[in-house]
Structures are given as structure tokens and as C-alpha cells.
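Below: the structure, in C-alpha cells.
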Amino acid sequence: MLKWALIFLVISLIAGFLGFSGVSAASATIAKVLFAIALVIFLIFLVLALMAGSLAF
């Protein structure tokens with residue numbers, strides 16, 4: 001998912017450089033959403049891993 005966020009970020013930067021502000025804003029929004037989803041999934045897995053580790057002892 002981070003790969004797709006990075007791809008949309010690059011698309012946004014290139015579109016902004018070429019003057020396509022609408023495409024740039026849309027792809028930047030998509031990149032932000034994908035990054036937020038990836039961050040939430042990471043935090044969920046981190047909490048689950050910490051809970052599983054504490055149960056083993």
C-alpha cells in the first residue's frame with residue numbers, strides 16, 4: 001500500500017510541475033488517504049504483535 005501511495009505522490013509532483021493542478025490535487029489526496037490507511041494497518045498489527053508477545057510469557 002505504501003508503494004501505491006508513493007506512486008501517487010510522484011504522479012502528483014509531476015502533474016504539479018507540468019501545470020495540471022487538478023490532477024495534482026487529486027493524486028495528492030489519494031496518496032494521503034493510502035498513507036493513512038497503511039499507517040492504521042501498521043498500528044493495528046503492532047498492537048496485535050505486542051499483545052501476542054506479552055501472552056507468550
Side-chain angles (χ1 to χ4, degrees):
M1 187 148 324
L2 286 176
K3 176 182 168 184
W4 283 104
L6 184 63
I7 289 171
F8 277 104
L9 177 66
V10 170
I11 290 172
S12 174
L13 291 173
I14 292 172
F17 180 72
L18 294 176
F20 299 107
S21 61
V23 174
S24 177
S27 58
T29 303
I30 293 171
K32 288 180 193 176
V33 169
L34 288 175
F35 180 74
I37 291 171
L39 186 63
V40 167
I41 291 172
F42 169 74
L43 291 175
I44 289 171
F45 280 130
L46 181 66
V47 169
L48 288 175
L50 291 174
M51 288 175 42
S54 67
L55 293 177
F57 294 111

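Numbering starts at 1 and runs along the sequence shown. Remember, predicted model here, so these are calculated numbers, not experimental data.
Following chains of ILVMFWY side-chain contacts shorter than 4.5 Å, one can reach Leu43 starting from Leu50, so the two form part of one hydrophobic cluster. Taken together through direct or relayed side-chain contacts under 4.5 Å among Ile, Leu, Val, Met, Phe, Trp and Tyr, Leu13 and Val10 form parts of separate hydrophobic clusters.
Interatomic distance, CG of Leu2 versus CD1 of Ile37, reported as 11.0 Å (0.5 Å rounding). Atom CD1 in Ile30 sits 12.0 Å away from atom CD1 in Ile7 (nearest 0.5 Å). Between atom CG of residue Leu6 and atom CD1 of residue Ile11 there is a gap of 10.0 Å, rounded to the nearest 0.5 Å.
A side chain to side chain contact (heavy atoms under 4.5 Å, CB included) with Ile44 is found for one member of Ile41, Val47, Leu46, Val40 and no other, namely Val40.
Annotation for Met1 and Leu34: closest pair CG-O, 3.7 Å, computed over non-hydrogen atoms. Across all their heavy atoms, Phe8 and Ala31 have their closest contact at CB-CB, 3.9 Å.
With hydrogens and angles ignored, the 3.5 Å screen pairs a side-chain donor or acceptor of Ser24 with a backbone N or O of Ser12.
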